[in-house]
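Computed over heavy atoms, backbone and side chain alike; hydrogens, waters and symmetry mates excluded.
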Amino acid sequence: MPPDAPRPAPKRISPVETYERLQARPRDLLIDVRSTMEYLFVGHPTGSVHIPWIDEPDWTVNPQFVPQVRKLLLGGVSDHSAEAPALYLICRSGKRTLDAGQALVDAGIENVFSVEEGFEGPLDEHHRRSTRGGWRYHGLPWEQC
């Protein structure tokens, strides 16, 4: 790629469209990149795979994030002539997935999507989430440990 060419980036997609695509293409993957505490205690989309981008105890970027996603992709490929699954990344509000998705795109992984609004959506005027957007707000399937 020429030095002045625009850098490829993860595509943005709504929670509802993500869910619809996952129903239509069961080989596609929804990866929850939030911390382990968020995934377990706040809840997560049903059927999502947890691979944290930033996690406790150090709250640093997971150096194994890209290799863990590659391993997940390889585990789902039984027919090498088939189209690779799309990756849908979800976090709390749709911000961490941009950085995590960019790391995947930079590593040469294609068909990466960032779920806008995330799982809980943006803060409202009372500093609460899940009232203006997000996976839960749209009534999409989720579970909690």
Which heavy atom of [X] sits nearest to which heavy atom of [Y], and what is that distance?
| X | Y | answer |
| --- | --- | --- |
| Pro10 | Leu98 | CG-O, 3.8 Å |
| Cys91 | Val33 | CB-CG2, 3.8 Å |
| Leu140 | Pro15 | CD1-O, 3.4 Å |
| Tyr137 | Ser130 | CD1-O, 3.7 Å |
| Ser114 | Gly94 | OG-O, 3.9 Å |
| Lys11 | Asn111 | NZ-CA, 3.7 Å |

Mind checking the [atom1]-[atom2] spacing from [X] to [Y]? Nearest 0.5 Å is all I need.
| X | Y | atom1 | atom2 | answer |
| --- | --- | --- | --- | --- |
| Trp59 | Ser35 | CH2 | OG | 4.0 Å |
| Leu29 | Phe113 | CG | CZ | 12.5 Å |
| Leu104 | Asp99 | CG | CG | 11.0 Å |
| Trp135 | Glu116 | CH2 | CD | 13.5 Å |
| Phe65 | Leu89 | CZ | CG | 5.5 Å |
| Glu20 | Ile13 | CD | CD1 | 9.0 Å |

Could you tell me whether [X] atom [atom1] has more than 12 heavy atoms of other residues or ligands within 6.0 Å of it?
| X | atom1 | result |
| --- | --- | --- |
| Glu125 | CD | yes |
| Arg12 | CZ | no |
| His127 | NE2 | no |

Any side-chain heavy atom of [X] within less than 4.5 Å of one from [Y]?
| X | Y | value |
| --- | --- | --- |
| His50 | Thr36 | yes |
| Gln144 | Phe41 | no |
| Asn62 | Ile54 | no |
| Ile31 | Ser48 | no |
| Ile51 | Leu72 | yes |

Item to check | Arg34 to Phe119 six-membered ring, cation-pi geometry met (6.0 Å, 45°) | outcome: yes
Checklist entry - For the residue pair His44 and Tyr39, does the interplanar ring angle fall in the parallel (under 30°), tilted (30 to 60°) or perpendicular (over 60°) class? => result parallel
If Ile, Leu, Val, Met, Phe, Trp and Tyr residues are connected whenever their side-chain heavy atoms lie under 4.5 Å apart, and connections chain through other members, are [X] and [Y] in the same group?
| X | Y | answer |
| --- | --- | --- |
| Val49 | Met37 | yes |
| Leu73 | Val105 | yes |
| Val112 | Leu22 | no |

Checklist entry - Stepwise, does the salt bridge (Lys or Arg N to Asp or Glu O under 4.0 Å) test hold for Glu117 with Lys95? => result CA-CA 8 Å; Glu117 303 174 10; Lys95 292 181 175 69; over 6 Å; no
I'd like to know if the side chain of [X] and the backbone of [Y] have a donor-acceptor N/O pair within less than 3.5 Å.
| X | Y | result |
| --- | --- | --- |
| Arg27 | Pro85 | no |
| Asp28 | Ala86 | yes |
| Asp58 | Thr60 | no |

Item to check | Arg136: partners by salt bridge (Lys or Arg N to Asp or Glu O under 4.0 Å), with sequence neighbours left out | outcome: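 Checked Arg136 against salt bridge (Lys or Arg N to Asp or Glu O under 4.0 Å); matches are Glu120.
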Checklist entry - Who passes salt bridge (Lys or Arg N to Asp or Glu O under 4.0 Å) against Asp55, sequence neighbours left out? => result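 None.
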